[in-house]
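Just so you know, these numbers come straight off a predicted model, no measurement behind them. Every number for a ligand or one of its atoms is a count from 1 in the order of the listing.
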Amino acid sequence: TRSTRPQRLLKAVQKHATRGDPQSVISAIDHFCRHSEWAMNIGDEKGSILDSVVSEVNPEKVLELGTYCGYSTVRIARLLPPGARLITLEFNADYAAIARQVIIWAGLEDKVQLVEGASEDWIPRMKEHFGIETFDFVFLDHWKDRYLPDTKLMEDCGLLRKGTVLLADNVICPGVPDYLAYVRNSLSYKSCYFKSHLEYTKAEDGLEKSVFLG
Ligand SMILES: COCc1ccccc1-c1cc(O)c2[nH]cnc(=O)c2c1
Ligand SMILES: [Mg+2]
């Protein structure tokens, strides 16, 4: 039967990228998405903004909601200091299987824990299952109707501390209006918008950075 797009993306990584070289994995995926098949990775333009925010925060504990093929997982994990940990949640088992192999190809498996399942099931278990007290940085890039409920759930589970940075993808396209209204109006967040473009296109999209004030 016909292969899937994530399978074809992984093949492109294994063909063109150097094992253990995260930058070559990032470049191979961006080339595949620009010249072969569009895929919903954050991409190089928004990815550079992600890089700058991660570098500024320099987090020890990172949560990523929505792994897909592991592109942003690799972008984030390659910038983490030794001993830092990234937990990434992916609901779709087929995506998770591809992402595991992309992360291994990049040589970042020691920094990353990929967990398959629903974010709402795993967020309440971060403390007892992963020994996480609070996160320093959270990247939201999963189902748009889960951004707001999962943010409230993280608050309620005490997973955010004064200064925790939330960075949300796709706040314009496809758009997350309820989440945007919440973080921009809540006295518990300081929020700002980074205008950019939908990955590999000219359509507007952007990232919203929100600092939890406690
Ligand atoms: C399946 O829709 C693909 C698509 C189509 C048109 C516009 C945007 C998107 C899009 C772009 C993204 O960065 C995304 N990131 C995470 N989860 C998504 O569902 C997602 C969707
Ligand atoms: Mg996205």
Check your understanding: Contact residues of ligand 1 with a heavy-atom cut-off of under 4.0 Å?
Key ->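 Under the 4.0 Å cut-off, ligand 1 touches Trp38, Met40, Asp141, His142, Lys144, Asp169, Asn170, Cys173, Pro174, Leu198, Glu199.
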Check your understanding: Taking Asp136 as the fixed residue, which of Arg161, Lys162, Lys61, Arg85 is the one that meets the salt bridge (Lys or Arg N to Asp or Glu O under 4.0 Å) rule?
Key ->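 Of the listed options, the one satisfying the test is Arg161.
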**Study point:** Pairs involving residues 145-164, ordered by first then second residue, that meet ring-ring contact (aromatic ring centres under 6.0 Å, His included) (sequence neighbours left out)
**Key:**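 Sorted result for residues 145-164: His142-Tyr147, Tyr147-Tyr179.
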Review point. Does any pair with a residue in residues 46-65 pass ring-ring contact (aromatic ring centres under 6.0 Å, His included), and if so which ones, sequence neighbours excluded?
Key: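 As it turns out, there is no ring-ring contact (aromatic ring centres under 6.0 Å, His included) pair with a partner in residues 46-65 once direct neighbours are skipped.
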Point to revise | Electrostatic pair Glu116-Arg100, nearest N-O below 4.0 angstrom | key: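 Yes.
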Check your understanding: Taking NZ, NE, NH1 and NH2 as the nitrogens, is one of them in Glu155 or Lys152 under 4.0 Å from a carboxylate oxygen of the other?
Key ->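 A salt bridge is absent here (no side-chain N lies under 4.0 Å from a carboxylate O).
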Point to revise | Minimum heavy-atom distance Cys69-Asn41, with the two atoms named | key: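 It is CB-ND2, 4.4 Å.
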**Study point:** Crowding at OH, Tyr189 (>12 non-hydrogen neighbours, <6.0 Å)
**Key:**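 Atom OH in Tyr189 is packed in, count exceeds 12.
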Review point. For Lys127, does the NZ atom have more than 12 heavy-atom neighbours from other residues, nucleotides or ligands under 6.0 Å away?
Key: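 Yes.
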Point to revise | Every N, O or S from the protein that is nearer than 2.8 Å to the Mg ion (ligand 2) | key: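 Hits for the Mg ion (ligand 2) below 2.8 Å: Asp141 OD1, Asp169 OD2, Asn170 OD1.
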Review point. What distance do Asp150 atom CG and Asp156 atom CG have between them, rounded to the nearest 0.5 Å?
Key: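 One finds 11.0 Å between CG of Asp150 and CG of Asp156.
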